[in-house]
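Both backbone and side-chain heavy atoms feed into the values below; hydrogens, waters and symmetry mates do not. Throughout, a chain's letter reflects where its sequence line sits, starting with A, and its residues are numbered from 1.
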Amino acid sequence: MVSATLDTSQGVIDIKGVSKNFPHPDGSEVKALSQVELTVSGGEFVSLIGPSGCGKSTLLRLIAGLDKATTGTLELDGQTIDGPSAERGLAFQNPYLFPWLNIYNNVAFGLRARRVYKRLKSMVGQYLELVGLGKFGQVYPHHLSGGMAQRASLARALINEPRVLLLDEPLGALDAFTRMNMQDEILRIRSEKRITMIMVTHDVDEAIYLSDRVIIMTPGPGKVEKILAVPLTRPRARNTPDFLSLRSRILEILNFAGRLDEPAYQI
Amino acid sequence: MVKHLLWPLYRLKDDYRLRPIFHHLAAWAALLALILEINLAPSGLQPPTERPYLRYFLIVVLALTIILPLAARSPERKAKILAKDNFYAAAITLLNILNIVTSKYTLIPAIFFPAPDRIIAVLFEDFNYLILVCLFSSGKLLVTGFFSGALAGLVTGVAIGFSKPAAYWLNPLIKILGPIPPTAWIPIVLVAFPTTWAGAVFLIALSVWFPTSVMTSSGILNVQNAYFEVSSALGAKRVYQIFMVGIPAAMPLIFTGLFSGACSSFLTLMTAEMVGVKSGIGWYINWQREMLSYSNVYAGLIIIAFSFYSLITLFFKVRDRVLVWQKGMIKW
């Protein structure tokens with residue numbers, strides 16, 4: 001169901017030999033990431049999954065340019081990433097909408113910051129419509145539900161038409177049903193905007209449901225353990241045998257599959 | 001029969017239970033005060049005034065307490081006016097008692113506790129001088145001092161909040177100079193500044209500068225870093241972040257700082273006028289005190305009370321307008 005032609009020349013991320021160390025209070029260094037090699041092609045949806053401490057958020061922050069890699073290089077379309085930029089949109093688990101701005105002005109923030117608001121102000125309405133918040137422009141953030149706030153934060157990131165959208169557990173704080181709705185919402189936005197998306201998640205089902213590839217990471221030090229392609233056709237169902245077998249493979253790699261040969265209790 | 005006599009205080013309910021009626025008490029209090037003022041003879045120990053100002057005043061108050069609730073355009077407006085009725089009644093009664101104690105029986109020294117008549121007389125007869133000369137002079141001094149202090153405080157606070165070198169050099173300065181009460185500088189300011197007026201502006205600015213800069217810097221330092229990260233990922237550069245993220249996010253604390261600055265500037269203004277500046281309400285009060293005309297002192301105090309009350313009210317209006325985004329988020 002690819003509705004737009006896939007432009008694979010834009011939004012290519014190249015990560016070469018990236019390590020990240022953080023100073024520990026006792027003076028030593030903690031290896032948060034070790035020798036990560038990863039290439040994400042344009043328009044691809046990639047999930048970073050793994051237990052806490054595996055460095056997935058660290059990797060995302062490096063791509064966002066919020067932190068600097070200790071060694072190695074990160075590139076977007078051949079250009080070295082050396083700081084945050086409007087071409088790499090960002091959405092966190094907490095939407096971090098600016099509470100002093102109404103939703104319209106939150107979404108318009110990127111246009112104003114880049115001094116293109118006067119020319120492009122019609123985009124604000126379009127992006128509010130895109131995420132289904134057309135009627136909520138004048139509302140202040142604390143009046144929005146969690147799902148609506150997350151939509152607003154997506155619209156705010158997308159209005160800059162970034163080449164890459166970086167999502168750090170964007171749906172982590174939502175209830176199960178809102179979460180599944182928002183997953184479809186993200187897929188719909190992606191089919192309209194066709195940009196590269198890299199998402200950090202704890203949720204194996206979410207990773208399989210959304211991604212073209214799942215990057216499985218393990219801690220101590222954080223590294224890429226395995227990269228799994230998701231060969232399922234879209235739209236996907238969450239209960240097909242292929243989906244479930246992929247799910248158990250990922251859990252096996254992460255050592256969370258459990259042991260069926262020694263049941264802890266009799267049903 | 002008893003019920004009938006007490007009808008202003010009690011209202012007969014359908015179920016024949018008596019329910020106290022608190023409405024229109026203010027009008028009754030004003031009427032009572034007026035009757036006592038007219039019928040009780042003055043003690044003769046207070047110098048008489050040219051006109052019976054207190055009677056005029058009470059007649060106006062009586063008229064207002066009757067007309068305002070009746071003239072209310074909507075039931076909500078009427079309820080809002082009547083909600084304060086008990087308070088006005090108490091205030092009028094207090095004035096009534098004060099009038100009896102000072103003017104009618106003079107139970108306390110007349111020289112220090114003038115009759116309300118005499119205070120109102122000063123407000124009337126000295127109105128032009130009090131408002132156009134003294135209040136204007138105080139206002140000019142206060143506004144100049146407040147705004148230069150607020151501006152300096154904002155600049156200092158923002159510098160400390162955003163720049164490590166500025167924090168390194170300015171923080172100790174604030175910690176050492178800030179807690180000194182501005183009025184303690186008076187001996188130095190009197191000799192260091194070319195005019196006492198300039199010195200007074202400096203003192204008022206100083207008393208606003210300290211709380212404003214402390215609150216602004218801590219407001220900015222307490223902004224969650226994620227807001228800066230999000231804004232930089234949206235394409236905002238440093239200066240844009242300072243003005244569009246840091247300062248708006250710190251606004252609630254900035255207003256707290258400005259508020260305590262305003263309160264302390266009132267204090268400094270009065271002290272500066274009483275000590276050095278030869279004009280303004282503070283100077284007027286001190287001058288009248290030295291001449292033992294206490295009715296003028298009270299008139300000055302009343303002018304101060306109303307002016308500062310208006311300024312604080314205006315301040316809160318501005319704050320509510322600026323912080324409208326907090327509505328429903330924080331209870332003030």
Side-chain angles (χ1 to χ4, degrees), chain A residues 57 60-61 63-67 81-103 105-117 120 127 138-144 152-162 164-168 170, chain B residues 154 157-158 161-164 212 215-259 316-332:
Chain A
S57 284
L60 199 81
R61 287 178 63 85
I63 301 171
L66 296 174
D67 293 326
I81 293 169
D82 61 353
S85 143
E87 64 198 12
R88 279 163 279 124
L90 191 58
F92 291 109
Q93 175 175 346
N94 180 332
Y96 288 117
L97 295 171
F98 303 119
W100 56 91
L101 297 178
N102 63 23
I103 299 307
N105 287 326
N106 259 285
V107 173
F109 188 93
L111 297 181
R112 291 208 171 95
R114 293 185 298 128
R115 317 218 178 275
V116 293
Y117 174 72
L120 301 174
Y127 276 84
Q138 299 311 310
V139 168
Y140 280 93
H142 64 274
H143 290 299
L144 293 189
S153 123
L154 285 177
R156 183 177 63 174
L158 288 166
I159 200 163
N160 282 333
E161 306 201 304
V164 183
L165 183 63
L166 304 169
L167 305 162
D168 193 354
Chain B
L154 280 173
V158 168
F162 281 106
S163 141
K164 285 227 168 75
T212 307
M215 286 317 221
T216 304
S217 65
S218 73
I220 286 169
L221 291 170
N222 281 321
V223 178
Q224 278 190 63
N225 200 33
Y227 286 117
F228 293 114
E229 292 183 348
V230 164
S231 66
S232 62
L234 290 169
K237 299 280 175 281
R238 190 76 178 150
V239 175
Y240 194 85
Q241 284 185 339
I242 291 174
F243 286 98
M244 295 302 165
V245 180
I247 293 177
M251 251 332 164
L253 277 187
I254 292 177
F255 270 102
T256 313
L258 286 173
F259 179 70
F316 281 117
K317 285 251 189 298
V318 171
R319 186 201 61 180
D320 290 348
R321 179 69 62 88
V322 173
L323 298 184
V324 66
W325 53 273
Q326 285 196 323
K327 222 174 168 186
M329 197 156 87
I330 287 171
K331 274 262 176 273
W332 286 95

Query raised in the report: Does A:Arg61 have any salt bridge (Lys or Arg N to Asp or Glu O under 4.0 Å) partners at least two apart in sequence or in another chain, and if so, which?
Result: A:Asp67, B:Glu229
**Report entry** Spacing of B:Tyr227 atom OH and A:Asn94 atom CG [to the nearest 0.5 Å]
**Finding:** 6.5 Å
Query raised in the report: How long is the gap from OG on B:Ser231 to CZ on A:Arg112, to the nearest 0.5 Å?
Result: 14.5 Å
Query - Flag side-chain contact, heavy atom, 4.5 Å: A:Leu101 against B:Pro248 - result: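 With C-beta onward as the side chain, the pair stays apart.
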Query - Minimum heavy-atom distance A:Asn160-B:Leu234, with the two atoms named - result: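 So the minimum-distance heavy-atom pair works out to ND2-O, 3.1 Å.
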Query raised in the report: Side chain, backbone, both or neither: which part of A:Leu97 has a non-hydrogen atom closer than 4.5 Å to chain B?
Result: backbone
Query raised in the report: Where on A:Arg115 is there a heavy atom nearer than 4.5 Å to chain B: the side chain, the backbone, both, or neither?
Result: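 Contact with chain B: side chain only.
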**Report entry** Contacts of type side-chain hydrogen bond (donor to acceptor under 3.5 Å, both in side chains), residue A:Ser57, not counting sequence neighbours
**Finding:**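 Counting only residues at least two positions away or on another chain, A:Ser57 forms a side-chain hydrogen bond (donor to acceptor under 3.5 Å, both in side chains) with A:Asp168.
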Requested in this report: Could you tell me which residues satisfy side-chain hydrogen bond (donor to acceptor under 3.5 Å, both in side chains) with A:Tyr96, sequence neighbours excluded, listed by chain and number?
Outcome: B:Gln224
Report task. Considering only heavy atoms and a distance below 4.5 Å, find which of A:Tyr140, A:Phe109, A:Trp100, A:Phe98 pairs most often with chain B. Result -> A:Trp100
**Report entry** Proximal to chain A - members of residues 238-246 of chain B, heavy-atom separation under 4.5 Å
**Finding:** B:Tyr240, B:Met244, B:Val245
